[in-house]
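These notes are about the structure you will find just below.
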Amino acid sequence: MPELPEVETIVRELQAVVPGARVRSVAVSLPKIVKLPVPRLRRAVLGSTIRHVHRRAKLVLIDLSSGWTLVIHLKMSGQLIWRPRRGRLRVGGHPIPQGTTGWPNKYSHVIIGASTGTLFFNDQRQFGHLKLVKTSELEQWLEEQEYGPEPLADDFTVELFLDLLRHHRRKRLKPTLMDQTVVAGVGNIYADEACHFARVRPQRRIASLTRRERRALYRGLRHVMALAIKHRGTSAYVYRRTDGGRGGMRPFLRVYGRGGQPCRRCGGAIIKTTLAGRGTHYCPNCQD
DNA sequence: TTCAATGTTTAGAC
DNA sequence: GGTCTAAACATTGA
């Protein structure tokens, strides 16, 4: 999916325009995406007002006046699209397939009609899901998911990060960074980018990392996430009127998707390999 | 035709 | 028990 920066981008977009909208209709064309009986979803959301849109890890959280929170995971190919009655479209998540011009389309699996616009939950690969959690129990529920700290939060200190790494000494670096119980929200793109920032190869064992390297990884995670949010993510489209621009992080990626191309730091050829089943990119010259 | 794609979970091997 | 890989989910496009 969209990783933390892409989810944060769409959450900010939605939070700016959606609160206050009253839900008037719910249409589900792919029931398996909704992890509860559709009639129950209807009862929980129809007639309620959207209060607040926020995020934890890669989850989009939409608080409703009914006391329920919609919990949406976009996984690999989910999108959220807000089409307001007036004003510009807000699109977040996976890039829109070429040729797609309107909504709903064949990937629009959940459509929530509201007083000021319509929210589309689209997902090409159908991996995403939508759940419902009582807002009063949301904090508790999130704790049960055992997410690690938010990498950009004030309480994510270097000391905490070093401590988390100590619990995974025998594991390889990149899968550990992507472990949502270690740090929340890190995915395949930004794990590679953080490793490059820290000049460390993704396949290194945690135990082999020097204190200096661990601290560089901490800085790398924070830097890469903040930069990606600043540029509105790597591929989330954010439409302005009809033509729109896309998430602008792509030109700032130093290794992801750049196999065979020269390293922007040292000129070495970026290697693309596989680690933990995921495409993994690094510079063999300046990452050790 | 084959493979890989911003995620997560699970089964099985060692 | 710990850690790894492959497969599964489903679809598309290079």
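Naming: A, B, ... by sequence-line order, numbering from 1 per chain.
In this structure, the nucleotide among C/dT5, C/dT3, C/dT11 sitting nearest to the side chain of A/Gln124 is C/dT11. Nearest nucleotide to the A/Met76 side chain, out of C/dA10, B/dA5, C/dT5: B/dA5.
Taking CG of A/Leu70 as the reference point, atom OG of A/Ser48 lies at 7.5 Å (rounded to 0.5 Å).
Counting only N and O atoms by type, the side chains of A/His109 and A/Asp123 include no donor and acceptor under 3.5 Å apart.
The distance between atom CD of A/Glu6 and atom C1' of B/dG7, rounded to the nearest whole Å, is 12 Å. Atom CG of A/Asn188 and atom C1' of B/dA4 are 11 Å apart (whole Å). In this structure, the CG atom of A/Leu4 is 11 Å from the P atom of B/dG7, given to the nearest Å. Note: NZ (A/Lys58) to P (B/dT9) measures 10 Å, nearest angstrom. Atom CG of A/Leu173 is separated from atom C1' of C/dC4 by 16 Å (rounded to the nearest Å). With rounding to whole Å, A/Arg172 atom CZ is found 9 Å from C/dC4 atom C1'. Atom pair A/Leu30:CG and C/dC9:C1' shows a separation of 12 Å (rounding to whole Å applied).
Both geometric conditions, a ring-centre gap below 5.5 Å and a plane tilt below 30°, are not fulfilled together for A/Phe127 over the base of B/dT8.
At C/dC4, none of the side-chain N or O atoms of A/Lys171 fall inside 4.0 Å of OP1 or OP2 (strictly under the cut-off). Dashed line: the shortest gap from a side-chain N or O of A/Lys106 to OP1 or OP2 of C/dT12 is under 4.0 Å. At the phosphate of C/dC4, neither OP1 nor OP2 sits under 4.0 Å from any side-chain N or O atom of A/Lys174. The side chain of A/Tyr107 places no N or O atom within less than 4.0 Å of a non-bridging phosphate oxygen (OP1 or OP2) of C/dA10. Contact annotation: A/Gln180 does not reach the phosphate of B/dG7 (side-chain N/O to OP1 or OP2, under 4.0 Å). In this model, the phosphate group of B/dT8 is approached by a side-chain N or O of A/His73 to a distance below 4.0 Å at OP1 or OP2. A sub-4.0 Å separation between OP1 or OP2 of C/dC9 and a side-chain N or O of A/Lys32 is absent.
Place A/His168 and A/Arg125 on DNA chain C by their nearest nucleotides, and A/His168 ends up nearer the 5' end. Where A/Thr280 and A/Tyr147 meet DNA chain B, the nucleotide closest to each residue was compared, and A/Thr280 sits on the side nearer the 5' end.
Taking atom C1' on both nucleotides, B/dA5 is separated from C/dC4 by 22 Å, rounded to a whole Å. Nucleotides B/dT8 and C/dG1 have their P atoms positioned 25 Å apart, rounded to a whole Å.
For A/Tyr218 and A/Phe156, the gap between ring centers is short of 6.0 Å.
With contacts defined as side-chain heavy-atom distances shorter than 4.5 Å, the pair A/Arg169/A/Arg205 does not qualify.
Distance alone, capped at 3.5 Å, is enough to place a donor-acceptor pair between the A/Glu6 side chain and the A/Thr234 backbone. Looking only at distances, no side-chain donor or acceptor of A/Arg90 sits under 3.5 Å from a matching main-chain atom of A/Ile10.
Searching all strands for a Watson-Crick or G-U wobble partner of B/dA5 with both distances below 3.5 Å returns C/dT11.
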